[in-house]
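Below, all heavy atoms of this structure are taken into account, side chains as well, without hydrogens, waters or symmetry copies. FYI, the numbering just counts along the sequence from 1.
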Amino acid sequence: MIKSIFLIASTLLVVGCTIQSELLFEELPIEGWMQDQWVEFDYTNRLPKKQVSLYWVLRHDDDYPFSNIHLIATWRNPKGVEKTDTLSYLLAKPNGKWLGKGLYIKEHTLPFVERFLLDEPGEYTFRVHPAVRATETLVANKRLMGIHQVGIAINPILNE
């Protein structure tokens, strides 16, 4: 009886303390992701001074022609203050083996901001678009083939 009560209490404690991550995805056109096509995610923060870690999530197949990707990312807080960053990620090893997980569709979790302070309640907007450099000439008509979805993972950080 005591073991059963302890097991139930432990389970409730673990379930109750689980950190809820948000994962938002956008499906991309089958024809490819246009270099000037922004993908936008809105996130409503309900708590003041909440710290999170942010990751871009990219899902692609073997039709993606590069071993890396360059992204332009912007974020806007509830007061309308906007910031921009240029990001570069390695997606494959030198031998061509993808670094992501999965069989047909590879998923990459790409670090964006390790500690992001959602300093006030309200609507935050995160936007991203590809920015493959001109030296990577395989990009026909400015489309990136093989990318199926892009998303953002918002992971709460417990106060330390």
- Message: Please identify which of these residues, Val113, Asn45, Asn155, Leu118, meets the side chain to side chain contact (heavy atoms under 4.5 Å, CB included) condition with Val52.
- Response: Leu118
- Task: Would you please indicate if the ring centroids of Trp56 and Tyr89 are separated by under 6.0 Å?
- Result: no
- Give, for atom OG of Ser53 and atom CZ of Phe112, the distance between the pair rounded to the nearest 0.5 Å. 12.0 Å
- Query: Under 4.5 Å between side-chain heavy atoms, hopping through other hydrophobics if needed: is there a path connecting Phe116 to Leu24?
  - Reply: yes
- Task: Take Ile152 and Val57, measure what side chain to side chain contact (heavy atoms under 4.5 Å, CB included) needs, and give me the verdict at the end.
- Result: CA-CA 6 Å; Ile152 190 166; Val57 181; over 6 Å; no
- Linked, directly or transitively: Met145 and Trp98 (ILVMFWY side chains, under 4.5 Å): no
- Task: Rounded to the nearest 0.5 Å, what's the gap from CG on Asp61 to CD1 on Ile105? Could you check?
- Result: 5.0 Å
- Item | ILVMFWY cluster, Ile72 and Phe41 together (side-chain gap under 4.5 Å) | no
- Message: Using modelled atom types and a 3.5 Å cut-off, is there a donor and acceptor pairing between side-chain atoms of His129 and backbone atoms of Gln35?
- Response: yes
- Describe, in one word, how the ring planes of Phe66 and Tyr64 are oriented to each other, choosing from parallel (under 30°), tilted (30 to 60°) and perpendicular (over 60°). perpendicular
- Taking atom OG1 of Thr125 and atom CD of Glu40, what is their separation to the nearest 0.5 Å? 5.0 Å
- Query: Heavy-atom distance under 4.5 Å between the side chains of Asp36 and Lys142, does that happen here?
  - Reply: no
- Note on the structure: Tightest non-hydrogen contact, residues Gly32 and Gln37, listed as O-OE1, 4.5 Å
- Close side-chain approach of Leu23 and Tyr55, heavy atoms under 4.5 Å: no
- Test log, rule side chain to side chain contact (heavy atoms under 4.5 Å, CB included), inputs Ile69 and Ile147: CA-CA 11 Å; Ile69 191 164; Ile147 300 177; 3.8 Å; yes
- Reported CZ-to-CZ distance for the pair Arg76 and Phe126, which is rounded to 0.5 angstrom: 10.5 Å
- Query: Does some side-chain heavy atom of Leu144 sit less than 4.5 Å from a side-chain heavy atom of His60?
  - Reply: no
- Close side-chain approach of Arg46 and Pro121, heavy atoms under 4.5 Å: no
- Item | More than 12 heavy atoms of other groups within 6.0 Å of Leu47 CG | yes
- Flag yes if more than 12 heavy atoms outside Glu114 fall under 6.0 Å of its CD atom; otherwise flag no. no
- Task: With rounding to the nearest 0.5 Å, note down the distance linking CG in Leu117 to CG in Asn77.
- Result: 10.5 Å
- Can you check side chain to side chain contact (heavy atoms under 4.5 Å, CB included) on Leu91 and Leu99, steps first, answer last? CA-CA 6 Å; Leu91 302 179; Leu99 295 171; 5.8 Å; no
- Taking side chain as C-beta onward, heavy atoms only, is Leu54 less than 4.5 Å from Tyr124? no
- Roughly how far apart are Trp75 CH2 and Asp85 CG, rounded to 0.5 Å? 5.0 Å
- Partner of Glu27 by side chain to side chain donor-acceptor pair (under 3.5 Å), out of His148, Arg59, Gln149: Gln149
- Phe25 and Val128: same hydrophobic cluster, using ILVMFWY side-chain contacts below 4.5 Å? no
